[in-house]
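Whatever order the structure lists them in is the order used to number ligands and atoms, beginning at 1.
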Amino acid sequence: MSWKHKHLLGLADLSREDLELVLETAKSFKEVSSRDIKKVPALRGKTVVTLFFEASTRTRISFELAAKRLSADTLNIAVNVSSTSKGETLLDTARNIEAMNVDAMVVRHSSSGAVFLLAEGLNCSVVNAGDGCREHPTQALLDMFTLQEKFGRIEGLKIGIVGDILHSRVARSNIWGLTKLGAKVTVCGPATLMPRGIEALGVDVCYDLKKVLKQSDAVIALRLQKERQQDKFLPSLREYSRLFGIDQAKLNEGSDHLIVMHPGPTNRGVELSADVADGKQSVILDQVTNGVAVRMAVLYLVLGTKVSEGG
Ligand code: CP
């Protein structure tokens, strides 16, 4: 298997073999983070910049840690102190950063597709750290890595994705990735937050959370994307939580081996009750740990690809 992509913009663009290669590479990098000296020289001399136009805890920090553990130089650009806040365009800001001989730019932006504009306009590698409602590929990759770690496989697993499917880039990336690796995905949430025609992506739709919990091996609860909801999609948070929030009582009626995942940040008491978020079926912190290994794999693969190989 060989990697041919200069950028990682979404899982829609990757083949099953590509996904398997990222997961396999991440497996070999995971051990590095448990060493006393958490560093390998794989990307020595490379420079990785994180450029985030939206808030982030997990993604930005784990990309930075991933780059540092591969011995790359790293730089975080805080957008509120960069010149985009003075009216400079996204592409001009990125071109000016690239002019300082940057090798990869990890970008989060509120506009779906902003990463394509950068990938077309820059020579360095662009890695999508979440663009609008479109994709969050490394989140889905770390979710898949965690599933593979817990179950030893992804093929044939039954995965429920619950919540605000309409605004969720995490849901979209997971749907692309999980279905390519042979999992059976069911999406569940309020009808107002369910994209019309989502079945065309190869998923089932179910509005009954209890049924989804009973049939699933793992459930991915999604954060309510309040910042992306321009209309009133829900009567109230209490109503949402009653119907689609996961508490211990609902979990007790689910399958006996069910694991609970959440990309974070969690609205406790809305998507998950506190006891479920911290309970023994929760793998939320394993997901965060695995995020570093997966992002090491992604940076290693995209930076090992020559510019002329495209993708
Ligand atoms: N899952 C995720 O993207 O978290 P952050 O917003 O904290 O990066």
Quick one: do Arg95 and Glu98 make a salt bridge, cutoff under 4.0 Å?
no

salt_bridge(Asp278, Arg268) N-O dist < 4.0 Å
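A salt bridge links Asp278 with Arg268.
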
Nearest-neighbour protein heavy atom for [atom], which is reported as residue plus atom name and distance:
atom                   : result
atom 1 (N) of ligand 1 : Pro263 O, 2.8 Å
atom 7 (O) of ligand 1 : Thr57 N, 2.8 Å
atom 6 (O) of ligand 1 : Arg108 NH1, 2.9 Å
atom 2 (C) of ligand 1 : Thr59 OG1, 3.5 Å
atom 4 (O) of ligand 1 : Arg58 NE, 3.1 Å

Verify whether one side chain among Thr266 and Arg223 offers a donor that lies under 3.5 Å from an acceptor in the other.
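Result is no, nothing qualifies.
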
I'd like to know if the side chain of Lys180 reaches the main chain of Ala12, judged simply by a donor and an acceptor atom lying under 3.5 Å from each other, with no hydrogens or angles considered.
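Present.
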
Contact (N/O only, under 3.5 Å) between Gly264 and ligand 1
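Checking ligand 1 against Gly264, an N or O pair does fall under 3.5 Å apart.
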
Lys210 atom NZ, neighbour heavy-atom count above 12 within 6.0 Å:
no

Sequence neighbours excluded, the answer for side chain to side chain contact (heavy atoms under 4.5 Å, CB included) partners of Arg35 is Glu31, Val32, Val40

Within less than 4.0 angstrom of ligand 1, does Gly130 place any heavy atom?
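No, that is not the case, since the closest heavy atom of the residue is not under 4.0 Å from the ligand.
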
Close approach of His136 to ligand 1, heavy atoms, under 4.0 angstrom
yes

